[in-house]
Amino acid sequence: MNSQELMAIEDQYGARNYRPLDVVVDRGEGVWLYDTEGRRYLDCLSAYSAVNQGHCHPRIVKVMREQAGRLTLTSRAFRNSQLGLFEQDLCELGGYEMALPMNTGSEAVETALKAARRWGYQVKGVPADQAEIIACVGNFHGRTISIISMSSEVKYTQGFGPLTPGFRLVPFGDAEALEACITDNTVAFLVEPIQGEGGVIIPPDGYLRAAAALCERYHILFMVDEIQTGLGRAGHLFAHQAEGVRPDVVMVGKALSGGLYPVSAVLADRPVLGLFGPGDHGSTFGGNPLAAAVAREALRVLVDERLSDRSMEMGSYFLGRLARLESSLVREVRGRGLMIGVELQDHAGGGRRYCEALAGRGLLCKETRGNVIRLTPPLVITRNEIDWAVEQVAAVLEA
Ligand SMILES: *Cc1c(COP(=O)(O)O)cnc(C)c1O
């Protein structure tokens with residue numbers, strides 16, 4: 001079937017909760033995607049940074065095939081031969097004592113919220129049902145009812161109430177506002193090191209250090225959502241490492257499987273994750289042997305191919321080239337590692353039309369917050385491919 005036919009079927013039977021670019025991707029390899037007509041596209045979205053290792057990475061595919069033919073799911077009612085090894089690898093790489101595996105990023109965030117409340121009541125001594133968690137304006141942590149309850153985006157919440165209580169919002173990047181918001185009932189501060197969906201917003205230098213210090217002073221958990229920024233995307237294993245902080249709780253997902261399978265996890269030390277007892281929390285698929293085997297290989301690929309360093313090096317090159325664009329449409333180009341945002345002027349009329357034009361030239365990316373074009377290719381991208389990408393962006397924005 002051709003693209004037109006497939007799009008018509010999808011539009012007839014699928015809920016319209018997305019507005020995708022009209023490209024029907026059929027195959028992927030490294031940084032390249034191929035549509036049903038065989039046209040080739042450079043992927044500059046990487047499934048919102050889930051495909052940091054590149055599409056269908058041969059090593060991860062091989063492990064997935066082998067494990068799929070051996071054992072895929074036991075539930076946590078029984079143990080499996082992959083889970084402990086995955087938890088060990090993730091803890092050793094991330095530098096934490098314990099991991100709690102889930103599937104989607106949203107579930108990792110939900111898990112962290114539950115851990116924070118549990119910690120607040122059992123360790124900090126907050127009165128029952130009074131726990132408050134502080135999050136940031138412009139955040140994106142997922143789509144469940146509780147997670148959208150801390151969203152400042154009207155589009156994410158309108159018509160989905162009643163929302164979950166217990167969240168407060170402060171401006172992103174403002175440590176004084178955070179301090180002013182803390183009460184005796186605050187149990188955690190939840191933050192993205194760089195806001196991704198929020199428009200690739202990089203906070204002022206020292207913000208994460210100041211936030212970490214406040215969390216320590218007021219005895220609240222410093223919880224960092226690394227689901228999009230982590231695993232090499234922003235030039236470090238975790239983006240918060242750029243400021244040398246060590247959060248109490250880290251959430252990972254997306255690239256944890258290299259995009260082959262939904263795998264997420266919460267990382268923390270024993271005093272936090274140790275508070276969960278049998279029956280307190282769970283997931284049928286969380287920690288399944290297929291997920292565990294795939295994630296272990298995806299992590300080994302990140303390390304073996306030094307993808308965090310590569311992200312920093314290629315990201316600096318990409319950013320440097322984009323910064324030299326001469327376009328009256330561009331307000332700012334910013335980024336860290338291969339997490340780059342091109343913010344357009346108001347008169348540009350939104351990013352969508354430029355993303356469509358880029359797709360027509362064989363480069364796939366997606367606007368966020370209306371006027372920011374996010375460029376986040378797989379971390380295996382080469383200098384030549386970046387040069388080609390810059391040419392396409394220039395052709396569209398300098399015209
Ligand atoms: C994508 C994302 C999530 C949610 O992950 P899902 O797998 O879509 O549920 C949470 N936090 C951040 C920062 C994300 O980018």
Side-chain angles (χ1 to χ4, degrees), residues 15 17-18 20 45-52 100-116 133 135-153 155-157 160 164 167 169 172-173 188-203 208 222-234 236-240 247 249-267 283 285-288 291 294-295 298 335-341 365-369 372 374-376 378-379:
N17 57 324
Y18 278 91
L45 183 66
S46 305
Y48 302 101
S49 298
V51 193
N52 287 357
L100 197 162
M102 297 294 283
N103 312 285
T104 64
S106 302
E107 289 171 302
V109 174
E110 287 275 350
T111 302
L113 297 177
K114 286 171 84 172
I133 293 171
C136 290
V137 173
N139 74 71
F140 183 86
H141 298 293
R143 300 293 203 157
T144 66
I145 297 251
S146 287
I147 291 172
I148 61 165
S149 299
M150 53 184 167
S151 177
S152 53
E153 269 289 286
K155 184 118 177 69
Y156 295 171
T157 55
F160 297 124
T164 304
F167 299 111
L169 289 183
F172 181 62
F189 173 52
L190 172 63
V191 67
E192 297 156 87
I194 297 171
Q195 288 188 333
E197 301 311 301
V200 191
I201 310 292
I202 303 173
L208 295 180
F222 181 41
M223 307 207 297
V224 174
D225 181 344
E226 291 275 6
I227 292 165
Q228 184 163 152
T229 50
L231 304 176
R233 173 51 58 188
H236 296 271
L237 179 67
F238 298 129
H240 66 256
V249 178
V250 175
M251 286 135 266
V252 286
K254 293 199 166 116
L256 187 51
S257 71
L260 275 79
Y261 196 81
V263 190
S264 66
V266 175
L267 282 167
S283 156
F285 278 81
N288 74 70
V294 165
R336 192 177 292 149
L338 279 166
M339 184 159 184
I340 294 172
C365 60
K366 195 72 165 58
E367 81 282 3
T368 183
R369 287 293 145 94
V372 179
R374 179 173 30 191
L375 296 168
T376 52
L379 309 182

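Everything numeric in this text was worked out from a predicted model, so none of it was measured. Note that ligands are numbered from 1 as they come in the structure, with each ligand's atoms numbered from 1 the same way.
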*Considering non-hydrogen atoms only, spot the tightest contact between L231 and N52 and give its length.*
O-ND2, 3.1 Å
_Parallel, tilted or perpendicular: which one describes the rings of F222 and F189, with boundaries at 30° and 60°?_
parallel
*Lys/Arg N to Asp/Glu carboxylate O, E153 vs R369, below 4.0 Å*: yes
*Using a 4.0 angstrom limit on heavy atoms, which residues are close to ligand 1?*
T104, G105, S106, F140, H141, G142, E192, D225, I227, Q228, K254
*Please round to the nearest 0.5 Å and tell me the distance separating atom CD of E110 and atom OG of S264.*
11.0 Å
*Indicate the atoms forming the closest heavy-atom contact of T164 with S146, along with that distance.*
OG1-OG, 2.9 Å
_Could you check whether any side-chain N or O of T368 sits under 3.5 Å from a backbone N or O of E197, counting only pairs where one atom can act as donor and the other as acceptor?_
yes
